[in-house]
Structure formats: C-alpha cells, structure tokens
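Along the sequence shown, residues carry numbers from 1.
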Amino acid sequence: MITHYPSLLRAPLPASLRHLTPHAFHFTATTYSPLPPPPFRVRPLRAAAGGGSPVAGDGGKRATPPPLGAAVLDIVRSNFLPLALIGGIALALLDPTLGCLAHKYSLSKYSTFGIFIISGLTLRTKELGAALQAWPAGLFGLGSILLFTPFLAKFIVQIQFFPREFITGLAMFCCMPTTLSSGVTLTQLAGGNSALALAMTVISNLLGIIFVPLSLAKYIGAGAGVSLPTEKLFKSLVNTLLIPLILGKVARETSKDIAEFVDGHRQGFSVISAVLLSLVCL
C-alpha cells in the first residue's frame with residue numbers, strides 16, 4: 001500500500017534548472033566512462049625487530065657498521081687523555097725505576113715546559129679577550145684557590161686519622177695553588193676557556209709564593225716543619241711556565257705559517273700535551 005506519492009519523496013529542483021528538459025539529464029553508457037583503478041604498488045616490508053627496510057631507497061644497499069679497528073680507534077681518540085694517564089700510572093706501578101729515571105733527568109720539568117709551549121702556540125689573540133671578559137669567573141677561581149681551600153685545612157688537621165702524616169699532607173695540599181699542566185690540558189680537551197685557565201694558572205702560582213707560606217703558618221702551624229725557598233720557587237715558575245708560554249705565543253704571532261699549521265693540527269697538539277702530561281705521572 002503506497003501512502004505517499006513518489007514525486008513527493010524527491011527533492012525539488014532549484015529554480016535555475018526547472019526550465020531544462022529531461023533530455024539534459026540523460027546520460028548514456030557511451031558518455032560515461034569510469035575512472036581507471038589506481039596502479040598497484042608493492043611497498044617494502046619493515047623488519048620485524050624495528051630495523052630499516054631490507055630494500056632501501058639507495059638500490060637495496062644497507063649501511064654497514066664500521067670495522068672493529070676503526071671503532072676502537074675512535075674510542076681511543078675520544079678518550080686519549082684518561083687512557084694516557086692510566087697508562088703512565090700503570091707503567092710507574094709496574095716498574096718504579098722508570099719514575100726514578102724521570103726524576104733523575106727532570107722529566108717532569110721538560111714535560112711541563114713542552115705543555116706550556118703548546119699552550120702558547122695554540123693560544124689565539126681573541127681568546128685573550130674572552131678571558132678578560134670572564135674576569136668574574138677568574139676572581140672566583142683565584143679566591144677559591146688561594147683563600148677558600150686553604151681555609152679547609154683548618155678543619156682537616158682536626159681529623160683523627162692514622163698515620164698522622166696523611167692528614168698533614170692533605171692539609172698542605174689544600175694550601176697549594178693549582179697544578180701547572182693538568183688544569184690547562186684538561187680545559188683545552190674539554191673545549192673550555194683555555195686562555196682563562198692559563199691566566200689562573202700563572203697568577204695563582206705566582207701569588208702562591210706569597211699566600212702558601214702564610215696559609216701553612218696560619219692553618220697548619222709552624223710545627224709542620226715546612227719551609228719554602230721563595231727565590232728558587234719563583235725562578236722555577238718563570239723557567240717552566242712563563243718563558244715557554246711567551247715563546248709559543250711569540251712564535252705564533254710572528255709567523256703566519258706556524259699559526260696556520262698549529263690551527264690545522266690542533267688535535268695532534270692535544271695528543272702531544274696528553275702524552276707529556278702522562279709522563280709527569282711516572
């Protein structure tokens with residue numbers, strides 16, 4: 001039973017199309033042509049473990065891992081300084097006579113001399129400007145080295161520990177300025193402000209000639225039996241620190257070829273500095 005007339009179920013035509021005849025809406029089989037289906041493509045399968053595609057976009061070639069020798073060499077280059085220090089300590093433990101020979105021929109002095117020549121050769125003039133701009137950090141470092149750490153010696157000497165010489169040596173260590181070679185070398189390898197490290201090393205050791213005796217007398221006491229040959233120590237610092245640093249810097253500034261060679265082989269000079277630093281451990 002039809003309750004509604006079929007024409008009532010159709011939506012009315014817009015007014016702009018009511019004048020057209022039914023033939024205008026007639027489509028024959030010849031005028032209608034369906035669109036062709038999309039082409040069938042085979043996409044590469046992914047590895048089940050989450051790896052790359054076995055058929056890569058470079059023609060099926062896979063990125064092969066580097067050989068074992070190249071990987072080991074890369075690790076050695078990235079960690080040469082700690083490996084060199086460990087090697088120097090291991091040699092000293094295995095054969096203590098090497099340390100005696102190094103002390104006999106003053107190897108540590110020559111090693112320090114070479115480290116500061118390299119520091120002068122690699123020191124750019126613009127790095128000096130960066131060191132001057134970082135003067136607050138420099139003042140903080142000098143205050144920590146010459147004032148704060150010596151103050152800690154006052155509490156260290158009160159520790160009850162046997163042997164007593166260990167406590168006395170630790171308290172004296174707190175009163176000493178920064179090391180001559182290791183701080184600069186570590187700063188260079190870490191990519192820090194090497195010019196600031198050089199300035200702090202030079203200034204703290206020169207001022208240490210004055211501050212160290214005062215700190216030892218105040219925090220450890222005259223009974224420790226420590227005396228510093230001030231004049232001899234000053235000459236040693238000038239010969240092993242200032243002179244090689246100035247020589248290296250002058251050589252860099254006077255010869256453009258030397259400066260370009262050093263800048264092009266900075267990694268090699270860093271390796272040489274690490275080797276010289278490891279010789280100090282003997």
Side-chain angles (χ1 to χ4, degrees), residues 81-82 84-85 108-154 156 170-216 218-219 228 230-253 262 266 269-270 272-281:
L81 178 59
L85 293 176
S108 61
K109 292 183 179 180
Y110 293 114
S111 299
T112 306
F113 190 90
I115 289 173
F116 278 94
I117 282 185
I118 294 176
S119 298
L121 288 172
T122 57
L123 181 61
R124 297 187 178 99
T125 304
K126 62 180 181 180
E127 293 177 352
L128 295 175
L132 293 176
Q133 292 178 357
W135 63 267
L139 290 179
F140 175 78
L142 292 175
S144 300
I145 295 169
L146 300 175
L147 298 176
F148 179 69
T149 52
F151 179 74
L152 296 179
K154 179 179 180 180
I156 292 177
L170 184 60
M172 292 176 59
F173 170 77
C174 292
C175 296
M176 296 296 113
T178 181
T179 57
L180 291 178
S181 53
S182 60
V184 177
T185 304
L186 290 172
T187 304
Q188 290 176 347
L189 293 178
N193 194 335
S194 58
L196 180 61
L198 278 172
M200 290 180 59
T201 300
V202 174
I203 297 174
S204 64
N205 279 274
L206 292 177
L207 292 179
I209 298 175
I210 302 173
F211 278 85
V212 169
L214 297 176
S215 299
L216 291 176
K218 183 175 183 179
Y219 299 118
L228 295 178
T230 305
E231 183 178 356
K232 184 179 179 180
L233 183 59
F234 180 78
K235 289 181 179 179
S236 178
L237 288 174
V238 171
N239 292 331
T240 59
L241 192 153
L242 283 179
I243 291 179
L245 181 63
I246 294 174
L247 288 177
K249 182 60 178 173
V250 169
R252 177 183 177 87
E253 295 299 328
V262 172
R266 281 185 171 267
F269 281 98
S270 298
I272 296 174
S273 295
V275 172
L276 293 175
L277 181 59
S278 66
L279 295 178
V280 180
C281 299

So, for [X] and [Y], which heavy atoms are closest and what is the spacing to 0.1 Å?
| X | Y | result |
| --- | --- | --- |
| Ala195 | Glu127 | CB-O, 3.2 Å |
| Thr125 | Lys249 | OG1-NZ, 3.3 Å |
| Val262 | Leu121 | CG1-O, 3.6 Å |
| Ala171 | Ile156 | N-CG2, 4.1 Å |
| Gly114 | Leu276 | C-CD1, 3.8 Å |
| Pro244 | Phe113 | CB-O, 3.4 Å |

[Y] side chain reached by [X] side chain, heavy atoms, under 4.5 Å:
| X | Y | result |
| --- | --- | --- |
| Val212 | Met172 | no |
| Thr122 | Ser194 | no |
| Leu198 | Phe116 | yes |
| Phe234 | Leu206 | yes |
| Thr178 | Met200 | no |
| Leu241 | Val202 | yes |

Spell out, as yes or no, whether a donor-acceptor pair under 3.5 Å connects the side chain of [X] to the backbone of [Y].
| X | Y | value |
| --- | --- | --- |
| Ser278 | Val275 | yes |
| Ser236 | Lys232 | no |
| Lys109 | Thr240 | no |
| Ser111 | Leu277 | no |

Using 0.5 Å steps for rounding, measure from the [atom1] atom of [X] to the [atom2] atom of [Y].
| X | Y | atom1 | atom2 | value |
| --- | --- | --- | --- | --- |
| Asn205 | Ile203 | CG | CD1 | 10.5 Å |
| Ser144 | Leu139 | OG | CG | 10.5 Å |
| Ser270 | Ile118 | OG | CD1 | 8.5 Å |
| Arg124 | Glu253 | CZ | CD | 11.5 Å |
| Leu152 | Leu170 | CG | CG | 9.5 Å |
| Leu214 | Tyr219 | CG | OH | 10.0 Å |

